[in-house]
Each structure stands twice: as C-alpha cells, then as structure tokens.
Amino acid sequence: MPRIPVLTIDGPSGSGKGTVSRAVAERLGWHYLDSGALYRAVGLAAAWEGIDLSDAGAVAQCAARTEIRFETQGAGEPHVIVNGKDATRQLRMETAGAAASAIAAHPPVRAALVDLQHRFRRAPGLVADGRDMGTVIFPDAPYKVFLTASAEERAKRRHKQLKEKGVSVNLDSLLHEIAARDERDAGRAVAPLKPAEDAVLLDSTGTPITEVIERVLSVLPEKLRQPRQD
Ligand SMILES: Nc1ncnc2c1ncn2[C@@H]1O[C@H](COP(=O)(O)OP(=O)(O)OP(=O)(O)O)[C@@H](O)[C@H]1O
Ligand SMILES: Nc1ccn([C@H]2C[C@H](O)[C@@H](COP(=O)(O)O)O2)c(=O)n1
C-alpha cells in the first residue's frame with residue numbers, strides 16, 4: 001500500500017518554513033506539523049518545572065510527560081496548548097527559541113519526541129517543518145525542501161514580526177541570536193540542521209512569500225496540486 005505522502009520543509013530560523021508550510025498545507029488540504037513548537041513547548045515546560053536545561057535525562061522525562069496540543073482558532077498560526085495552558089505568545093519569543101535549541105541537542109529529548117511526530121502522518125498527507133524532517137523523522141518522504149535566507153534578512157523578518165506583535169527588540173541582538181542558534185542547530189552531533197541529500201534547495205532572500213509558496217508547490221506532482229473536491 002502506498003505510504004501517506006509527506007512534504008518536509010527544513011531550514012534555519014526565520015527562513016519562512018512555518019509561514020510557507022502552513023500555506024502549502026492549507027492549499028493541499030494536508031495536515032501540518034510544526035516540530036519546532038514541540039521543542040519550544042518542552043523547553044518551556046522544563047523551565048516551568050525548574051529543570052536544569054542541561055540535564056538531558058530530566059528534560060527527556062519532562063518531554064515524555066508534557067501534553068502538547070495544537071488548536072486552530074480562526075485564521076493565523078494555530079495556538080499551542082502546553083499542559084493545558086495557552087503558551088502561544090510565550091513560545092514565539094526568541095528566548096523560547098534559544099531554550100528549544102539548547103534542549104534539542106540532547107539525544108534522549110529528541111528520542112522522546114519521535115513517536116509523537118510520526119503520529120502527525122495522517123491521510124491525505126502531511127507538511128512537516130523543522131530541522132531534521134527530511135533527514136531523520138521522515139527520511140522516506142517523497143518531497144523535500146530545504147529553505148534558507150541570509151541571516152541578515154532573517155533577522156529583519158523576525159524584527160518586523162516581533163514589532164507587529166508589540167515586542168520591542170534590537171535588530172543587532174536578533175542577528176546575534178539567530179547566528180548563535182544557526183551554529184548550535186547545525187553544529188550538534190545528533191540530527192543537525194542540514195539539507196537531506198534528496199532535498200530541493202530554495203533560497204528565499206529577496207523573494208516574496210507568495211512566490212516562495214509557488215516554488216515549494218512546484219516540487220509536488222501536478223495531480224497533488226489540484227484543489228481537493230471534497
Ligand atoms: N519570503 C519572505 N519574505 C518576507 N518575509 C517573510 C518571508 N518568509 C517569511 N517571512 C516572514 O518572516 C517571519 C518569520 O517567518 P517564519 O516564522 O515562517 O519562519 P520560520 O522559518 O518558521 O522560523 P522559526 O524556525 O524560528 O519558527 C514571519 O513574519 C514571516 O511572515
Ligand atoms: N525538527 C526540529 C525542530 C526544531 N528544533 C529545535 C532547534 C530550533 O532552534 C528550535 C526552535 O525551532 P523553531 O520553532 O525555530 O523552528 O527547536 C530541532 O532541533 N529540530
């Protein structure tokens with residue numbers, strides 16, 4: 001029996017994975033996995049419990065007992081409910097991204113999240129965004145994209161995004177944080193950020209989101225791109 005199709009979109013922070021993946025999933029009528037939100041949620045839950053984020057075993061146990069739910073509430077990003085609390089806003093902060101990046105380097109934490117990620121693979125298909133979707137979690141995915149953009153452009157995008165949410169941050173410090181996160185995510189021993197050998201590489205620097213979405217859709221065969229009739 002043919003396996004449920006998966007489109008993986010990996011790439012560094014701010015490359016547009018989330019925005020593009022959500023739009024593509026909506027166009028196709030497929031499910032969507034924001035794997036970064038899982039790592040962010042575990043980092044937050046561990047911090048709530050006062051766990052030392054460098055303690056791999058304690059964070060992995062926390063990952064196993066943390067309940068994470070995605071809730072669609074109208075248009076826009078789905079809300080992320082962590083142990084019953086709506087943590088959406090907190091999870092989007094750069095501090096949550098840095099904590100997620102730190103705990104994501106622990107092999108037992110990654111192992112604790114594998115089954116949960118596999119369970120998102122449901123008919124008619126899945127768009128999965130993260131760092132290791134095409135290399136480790138869904139290596140058999142038939143469609144893979146690695147989305148990048150220059151660090152400067154990603155920092156500007158994040159700056160604009162946070163400003164729109166009423167969060168004031170310094171552009172230089174954002175650029176610093178993004179570069180540090182890139183280095184940690186790409187430099188770790190387990191499931192580092194890197195393109196799968198069979199991924200299509202897309203650089204979105206200077207390219208409008210609408211065009212990036214079309215380029216990603218063009219990786220799929222024509223028959224899958226047809227709007228669903230049901
Ligand atoms: N091609 C683009 N041109 C301009 N802005 C973009 C583009 N792609 C994404 N953005 C904007 O950049 C910001 C970050 O995008 P997004 O959250 O999708 O990135 P991400 O790769 O998922 O980041 P993270 O890994 O940190 O979750 C958003 O405000 C989004 O609207
Ligand atoms: N598949 C994944 C997804 C995320 N991470 C880690 C590394 C990131 O810096 C952090 C936050 O992810 P984001 O929400 O920015 O996509 O989580 C990972 O290691 N593997």
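We count ligands from 1, going down the list as the structure has it; atoms in each ligand are counted the same way. FYI, side chains are in, hydrogens and waters are out, and symmetry mates aren't considered; it's all heavy atoms of this structure.
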What I want to know is whether G18 and ligand 1 share at least one N or O pair that is separated by under 3.5 angstrom.
yes

Joint cluster assignment, L28 & L33, ILVMFWY side-chain distance < 4.5 Å:
no

Q117: heavy atom below 4.0 Å from ligand 2, yes or no?
no

So does D10 pair up with R131, basic N to acidic O under 4.0 Å?
no

What protein heavy atom lies closest to atom 4 (C) of ligand 2? Include the residue and the distance to one decimal.
G36 CA, 3.5 Å

For M133, the ligand 2 atoms with a heavy-atom partner under 4.0 Å come out as 1 (N)

Identify which of R40, R110, R131 has a heavy atom lying nearest to atom 19 (O) of ligand 2.
R110

Which of the listed options, E211, R157, K163, holds the heavy atom that is closest to atom 10 (N) of ligand 1?
R157

Minimum distance, heavy atoms only, to atom 23 (O) of ligand 1: which one of P208, G14, S15, S101 is it?
G14

Flag the pair E26 and R22 as a salt bridge only when some basic side-chain nitrogen lies within less than 4.0 angstrom of an acidic carboxylate oxygen.
no

How far is atom 10 (C) of ligand 2 from its nearest protein heavy atom, and which residue and atom name does that atom have?
A100 CB, 3.6 Å

Provide the number and element of each atom of ligand 1 under 4.0 Å from a heavy atom of P12.
21 (O)

For ligand 1, which is the ligand I care about here, please tell me if D129 has any N or O atom under 3.5 Å from one of the ligand's N or O atoms.
no

Which residue and atom name correspond to the protein heavy atom nearest atom 1 (N) of ligand 2, and how close is it?
D132 OD1, 2.8 Å

Taking NZ, NE, NH1 and NH2 as the nitrogens, is one of them in D185 or K194 under 4.0 Å from a carboxylate oxygen of the other?
no

Atom CG in D86, atom NE2 in H79: separation rounded to 0.5 Å?
5.5 Å

Does an N or O from T19, backbone or side chain, lie closer than 3.5 Å to an N or O of ligand 1?
yes

Check E152 with R154, please: is the shortest side-chain N to carboxylate O separation under 4.0 Å?
no

Can you confirm whether L147 sits close enough to V212 that some side-chain heavy atom of one is under 4.5 Å from a side-chain heavy atom of the other?
yes

Check for me whether S21 has a heavy atom closer than 4.0 Å to any atom of ligand 1.
no

Go through D129 and M133 one step at a time and tell me if the side chain to side chain contact (heavy atoms under 4.5 Å, CB included) criterion holds.
CA-CA 7 Å; D129 109 48; M133 298 295 97; 5.6 Å; no

May I ask you to say whether R158 pairs ionically with E153, meaning some side-chain N is under 4.0 Å from a carboxylate O?
no

Consider every N or O of S35 and every N or O of ligand 2, then say whether any pair is closer than 3.5 Å.
yes

Return the residue, atom name and 0.1 Å-rounded distance of the protein heavy atom closest to atom 19 (O) of ligand 1.
G16 N, 3.2 Å

Salt-bridge criterion met for E214 and R27 (N-O under 4.0 Å):
yes

Does ligand 1 have any atom that is closer than 4.0 Å to a heavy atom of R92?
yes

Measure from atom 2 (C) of ligand 1 to every heavy atom in I209, I9, L91, L202 and give the option owning the shortest one.
I209

If you take the nearest heavy atom of each of L147, T148, I213, T207, which one is closest to atom 1 (N) of ligand 1?
T207

Give me the residue, atom name and distance of the protein heavy atom closest to atom 21 (O) of ligand 1.
K17 NZ, 2.9 Å

For D140, is there an ion pair with R3 - N to carboxylate O distance below 4.0 angstrom?
yes

Short N/O distance, under 3.5 Å, between D34 and ligand 2?
no

For ligand 1, which atoms have a heavy atom of R131 less than 4.0 angstrom away?
25 (O)

Does R40 come within less than 4.0 angstrom of ligand 1, counting non-hydrogen atoms of the residue?
yes

Minimum heavy-atom distance L113-Y39, with the two atoms named:
CD1-CE2, 3.6 Å

What's the shortest distance from atom 11 (C) of ligand 2 to any protein heavy atom, and which residue and atom give it?
R181 NH1, 3.4 Å

Nearest neighbour in protein (non-hydrogen) for atom 24 (P) of ligand 1
R158 NH2, 3.3 Å

Determine whether the side chain, the backbone, both or neither of R184 has a heavy atom under 4.0 Å from any heavy atom of ligand 2.
neither

Which ligand 2 atoms are under 4.0 Å away from a heavy-atom of A104?
6 (C), 19 (O)

Does a side-chain heavy-atom distance below 4.5 Å link V145 with L201?
no

Determine the minimum heavy-atom distance between D182 and S13, stating which atoms define it.
OD1-N, 4.3 Å

Run the salt-bridge test on E211 and R215 with the 4.0 Å N-O cut-off and return the result as yes or no.
yes

Do me a favour and list the nearest non-hydrogen protein atom to atom 28 (C) of ligand 1 with residue, atom name and distance?
Q161 NE2, 3.5 Å

Between W30 and Y32, is there a shared hydrophobic cluster once you connect ILVMFWY residues whose side-chain heavy atoms come closer than 4.5 Å?
no

